[in-house]
Amino acid sequence: MSSAIEARLSELGITLPEAAAPAANYVPFVKTGNQLFVSGQLPMAGGKLQVSGKLGDGLGIDEGKAAAKLCAINLLAQAKAATGNLDKVARLVKIVGFVNSTGEFADQPQVINGASDFLVEAMGDKGRHARSAVSAASLPFGAAVEIEAIFEIED
C-alpha cells in the first residue's frame, strides 16, 4: 500500500530501501503507546556505507548534508517497516543527529539540516520536528553521520 509520504518521495525521485537489520544487540525500532523510537541510522544505500570520515578533516558540509539525507531516508524506511504504511505516521517529533567531526568543527547544525530539510520536504508539516545536532569523536564503521528519530504514530 502506498502512502501520501511515499507518493511525495516518488515525486522527489526517491524509493525507500528495505529497512536495515541491526548491526549489534539492539532492535531497529520500538513502538510504545503512540510513539515510535527508531534506532540510529547510518548513511547507507544499496547495503553499503556511502559517506565515511570526519567533518572538518577531509569532509565538507555538503558531503555531511548528503550523508544526513541518506540517514533520513533510512529513518523513513524503518518507520515504514514498523507501521506497514507511512500514513500511520502522525508526525516526526524529534531527531538527534550525531556528526563525526573534529574538535574544531562547529557546523553540526548545518550538516543535520540535510536531514531536517529533506524530512520537511518529504513529509510536509508532519516532518517539522525538534532536534539536537551534536559532535561525536567517532561513529560506527567510521560513518560521517548517524541520526535517530522519534515519531508519533496512529493506530
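All values below come from the heavy atoms of this structure, side chains included, with hydrogens, waters and symmetry mates left out. Bear in mind the structure is a predicted one, so any value in this text is a computation, not a measurement.
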Task: Separation of Gln110 CD from Lys65 NZ (nearest 0.5 Å) - done: 6.5 Å

Open item on the list: Which heavy atom of Gln78 sits nearest to which heavy atom of Pro28, and what is that distance?
Closed with: OE1-CB, 3.3 Å

Task: Contact summary for Ala67 and Pro43, nearest pair of heavy atoms - done: O-CB, 3.5 Å

Open item on the list: Please report the interatomic distance CZ(Arg131) to CD(Glu148), rounded to the nearest 0.5 Å.
Closed with: 14.0 Å

Task: Side chain proximity check, Lys126 to Val89, heavy atoms < 4.5 angstrom - done: no

- [ ] Kindly give the heavy-atom pair with the smallest separation between Val96 and Phe98, and that separation in Å.
- [x] CG1-CZ, 3.5 Å

Task: Donor-acceptor contact below 3.5 Å, side chain Ser135 vs main chain Ala106 - done: no

Open item on the list: Working to the nearest 0.5 angstrom, can you tell me the gap between Leu119 CG and Ile73 CD1?
Closed with: 9.0 Å

Open item on the list: If you define the side chain from C-beta out and look only at heavy atoms, does anything of Glu121 sit under 4.5 Å from Ile14?
Closed with: no

Task: Minimal non-hydrogen separation, Ala23 against Tyr26, with atom names - done: N-OH, 3.2 Å

Task: Nearest atoms (heavy-atom pairs only) where Ala149 meets Ile95 - done: CB-CG2, 4.0 Å

- [ ] Could you tell me whether Glu154 atom CD has more than 12 heavy atoms of other residues or ligands within 6.0 Å of it?
- [x] yes

Open item on the list: Would a single hydrophobic cluster contain both Leu16 and Met123, if residues Ile, Leu, Val, Met, Phe, Trp and Tyr are joined by side-chain heavy-atom contacts under 4.5 Å?
Closed with: yes

TODO: Determine, using the 4.5 Å side-chain heavy-atom cutoff (strictly less than), whether Met44 and Phe29 are members of one ILVMFWY cluster.
DONE: no

Task: Flag side-chain contact, heavy atom, 4.5 Å: Val93 against Gln35 - done: no

Task: Residues Asp125, Arg128: salt bridge by 4.0 Å N-O rule - done: yes

Task: Side-chain touch Ser3/Lys88, heavy atoms, less than 4.5 angstrom - done: no

- [ ] For residues Val145 and Ile112, determine if any side-chain heavy atom of one lies less than 4.5 Å from a side-chain heavy atom of the other.
- [x] yes

- [ ] Would you please test Val27 and Phe37 for side chain to side chain contact (heavy atoms under 4.5 Å, CB included) and show each step?
- [x] CA-CA 10 Å; Val27 294; Phe37 294 81; over 6 Å; no

TODO: May I ask you to check whether over 12 heavy atoms, not counting those of Asn34, lie within 6.0 Å of atom CG?
DONE: yes

Open item on the list: Please tell me whether Val111 and Leu75 are part of a single hydrophobic cluster in this structure, the criterion being side-chain heavy atoms less than 4.5 Å apart.
Closed with: yes

Task: Closest contact, heavy atoms only, Gly127 versus Val120 - done: O-CG2, 3.6 Å

Between side-chain atoms of residues 49-58 and protein atoms elsewhere (two or more places apart, or another chain), which donor-acceptor pairs fall under 3.5 Å?
unit_1, atom_1, unit_2, atom_2, d
Gln50, NE2, Ala45, O, 3.0
Gln50, NE2, Lys48, O, 3.0
Lys54, NZ, Asn100, OD1, 2.8
Lys54, NZ, Ala137, O, 2.4

Task: Pairwise distance NE2(His129) to CZ(Phe151) - rounded to 0.5 angstrom - done: 9.5 Å

TODO: Could you state whether Leu139 and Leu59 fall into the same hydrophobic cluster, counting links through intermediate Ile, Leu, Val, Met, Phe, Trp or Tyr residues with side-chain heavy atoms under 4.5 angstrom apart?
DONE: no

Open item on the list: With heavy-atom distances below 4.5 Å as the criterion, would you say the side chains of Gln41 and Ile147 are in contact?
Closed with: no

Open item on the list: Using 0.5 Å steps for rounding, measure from the CG atom of Leu76 to the NZ atom of Lys80.
Closed with: 10.5 Å

Open item on the list: Using side-chain heavy atoms (C-beta onward) and a distance below 4.5 Å, is Leu9 in contact with Phe118?
Closed with: yes

Open item on the list: Rounded at 0.5 Å granularity, tell me how far CD1 in Ile153 sits from CG in Leu36.
Closed with: 5.0 Å

